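So the structure is just underneath, and the comments pick up after that.
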There are 2 protein chains.
Amino acid sequence: MKNNEKSSKRIFHNTEECPIRNVVAQMGNKWSMLILFALVDGTDRFNSLKSRIVGISQRMLTQTLRDLEREGYVSRTVYPEVPVKVEYELTSMGRDLVKPLYQLVTWAETHHEDIKHCRKIYDEKANG
Amino acid sequence: MKNNEKSSKRIFHNTEECPIRNVVAQMGNKWSMLILFALVDGTDRFNSLKSRIVGISQRMLTQTLRDLEREGYVSRTVYPEVPVKVEYELTSMGRDLVKPLYQLVTWAETHHEDIKHCRKIYDEKANG
DNA sequence: CAGTATCCAGGATGATACTG
DNA sequence: CAGTATCATCCTGGATACTG
């Protein structure tokens, strides 16, 4: 290949349109993946999710569920009983997204110790 | 399975120790994945990266490279010439991480239009 | 060339109180 | 039960100027 064929490859991010960021930035926020994984085994309700996902606030659960619903990963069903019942469930696209996500989770678990080790080395070099 | 076996499954995030967040939160920030992908084809230098990764500031390139180096995904080599030359390269762990990342990128590209469509529907329902 | 140092704006997240 | 509304705080990222 030509001398600088590689270095000439430019990379754009385009926050609005980039398909990568559309998915990864959403998954990168604090609660998205936890909620998706909480729904893998089936439908669940708001307060049940809230107690299962340890540490999440009502505000962030609502907001992240809305985001995930807007992206098309989660569906929301309201049963007009009294008191009202709301069920959340993965859509088919949501269930599909979980597959590559699990690949990443598996990778993360496999390399967790390596990463911690690298950080330790790096920090020791910086401080020592 | 028992009645509430599913709903009893609790999910923790533990920002410090959770292997998932250790990886995904880092990849979720604005420039990490772009830098990793920019280095897939081989070694590159600071200013070359800066011009190839469109829109990145000097500050964020430095900072994100340091983060990636600390995690063990990128190596940094200084050549004590004048002026100094610094080369960045993926480590073997970095090259390995790119694989599941590509799975996710492929998924994102495949579903980009679906996601945009879902958003449109959602927003129309909210506003109309 | 390859950074560092400052300052600042905006978004993400959390705490708390209130509601159909 | 399943939220909404408001306020405070922290973190991310961008602009700009300076340096070995």
Side-chain angles (χ1 to χ4, degrees), chain A residues 4 7 12-16 18 21-22 24-35 38-39 43-71 74-89 126, chain B residues 4 7 12-16 18 21-22 24-35 38-39 43-71 74-89 126:
Chain A
N4 57 353
S7 312
F12 299 85
H13 77 294
N14 189 342
T15 304
E16 301 307 314
C18 175
R21 286 207 61 75
N22 275 205
V24 176
Q26 179 65 46
M27 292 305 111
N29 75 26
K30 198 166 177 182
W31 302 106
S32 289
M33 286 183 59
L34 280 315
I35 294 177
L39 291 172
T43 293
D44 204 0
R45 299 175 60 176
F46 187 87
N47 277 321
S48 171
L49 285 169
K50 184 168 176 331
S51 57
R52 289 173 58 211
I53 302 173
V54 179
I56 197 169
S57 65
Q58 209 160 29
R59 183 179 180 284
M60 290 314 297
L61 180 56
T62 304
Q63 184 177 309
T64 311
L65 280 169
R66 293 293 175 280
D67 290 343
L68 297 175
E69 192 193 350
R70 180 169 185 265
E71 302 292 284
V74 164
S75 68
R76 176 176 182 268
T77 311
V78 182
Y79 297 91
E81 309 166 357
V82 179
V84 70
K85 177 171 127 182
V86 180
E87 286 193 338
Y88 292 94
E89 188 175 13
Chain B
N4 57 353
S7 313
F12 299 84
H13 78 291
N14 189 343
T15 305
E16 301 308 312
C18 175
R21 285 207 62 74
N22 274 206
V24 177
Q26 179 65 46
M27 292 304 113
N29 74 26
K30 198 166 176 180
W31 302 106
S32 289
M33 286 182 60
L34 280 314
I35 293 177
L39 290 172
T43 294
D44 204 359
R45 298 175 62 177
F46 187 87
N47 278 321
S48 171
L49 285 169
K50 183 167 176 331
S51 58
R52 289 173 59 211
I53 302 173
V54 179
I56 196 169
S57 66
Q58 208 159 28
R59 182 180 181 280
M60 291 314 298
L61 180 57
T62 303
Q63 184 177 308
T64 311
L65 280 168
R66 292 294 174 280
D67 291 343
L68 296 175
E69 190 193 352
R70 180 170 184 264
E71 302 292 285
V74 165
S75 68
R76 175 176 184 268
T77 311
V78 181
Y79 298 91
E81 309 168 355
V82 179
V84 70
K85 175 172 131 185
V86 179
E87 286 194 337
Y88 292 93
E89 188 175 14

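If you're wondering where the values come from, they're calculated on a predicted model, not measured in any experiment. Chain A is the first sequence line, chain B the second, and so forth, proteins listed ahead of strands; every chain is numbered from 1.
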Query - Residue B/S57, side-chain heavy atoms: nucleotide from C/dA2, D/dG14, C/dG20 that is nearest - result: D/dG14

Query - Which nucleotide in C/dT4, C/dC1, D/dG3 has an atom nearest any side-chain atom of A/V86 - result: D/dG3

Could you state the atom-to-atom distance from [atom1] of [X] to [atom2] of [N] in whole Å?
X: B/W31; N: D/dG14; atom1: CH2; atom2: P; value: 6 Å
X: A/E69; N: D/dA2; atom1: CD; atom2: C1'; value: 14 Å
X: B/N29; N: D/dC10; atom1: CG; atom2: C1'; value: 16 Å
X: B/M60; N: C/dA5; atom1: CE; atom2: C1'; value: 15 Å
X: A/R66; N: C/dT13; atom1: CZ; atom2: C1'; value: 17 Å
X: A/K50; N: D/dC1; atom1: NZ; atom2: P; value: 11 Å
X: A/L61; N: D/dC1; atom1: CG; atom2: C1'; value: 13 Å
X: A/F46; N: D/dT4; atom1: CZ; atom2: P; value: 8 Å

Under 4.0 Å from OP1 or OP2 of [N]: is there any side-chain N or O of [X] that close?
X: B/N47; N: C/dA2; answer: yes
X: B/K30; N: D/dG14; answer: yes
X: A/R76; N: D/dG3; answer: yes

Query raised in the report: Looking across every strand, which nucleic acid part, if any, lies under 4.0 Å from B/Y88 by heavy atom: base, sugar-phosphate, or nothing?
Result: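 Sugar-phosphate only.
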
Query raised in the report: What does A/Q58 touch in the nucleic acid at a heavy-atom separation under 4.0 angstrom: a base, only the sugar-phosphate, or nothing?
Result: base

Query raised in the report: Quick one: the side chain of B/R59 and the base of D/dG13, do they pair up donor-acceptor inside 3.5 Å?
Result: yes

Query raised in the report: So, B/R76 side chain and B/E69 main chain: donor-acceptor pair closer than 3.5 Å or not?
Result: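 Not at all, since once roles are kept as given, no pair shorter than 3.5 Å links the two residues.
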
Query raised in the report: Can you tell me if B/R21 uses its side chain to pair, donor with acceptor, with the backbone of A/K30 under 3.5 Å?
Result: yes

Query - Identified pairing partner of D/dC18, criterion: Watson-Crick or G-U wobble below 3.5 Å - result: C/dG3

Report summary line: Separation between CG (A/N29) and CD1 (A/I35), nearest 0.5 Å, reads 8.0 Å

Query - B/V24 side chain near A/M33 side chain, heavy-atom distance below 4.5 Å - result: yes

Query raised in the report: So, do B/L34 and B/T64 sit near enough that their side-chain heavy atoms are less than 4.5 Å apart?
Result: no

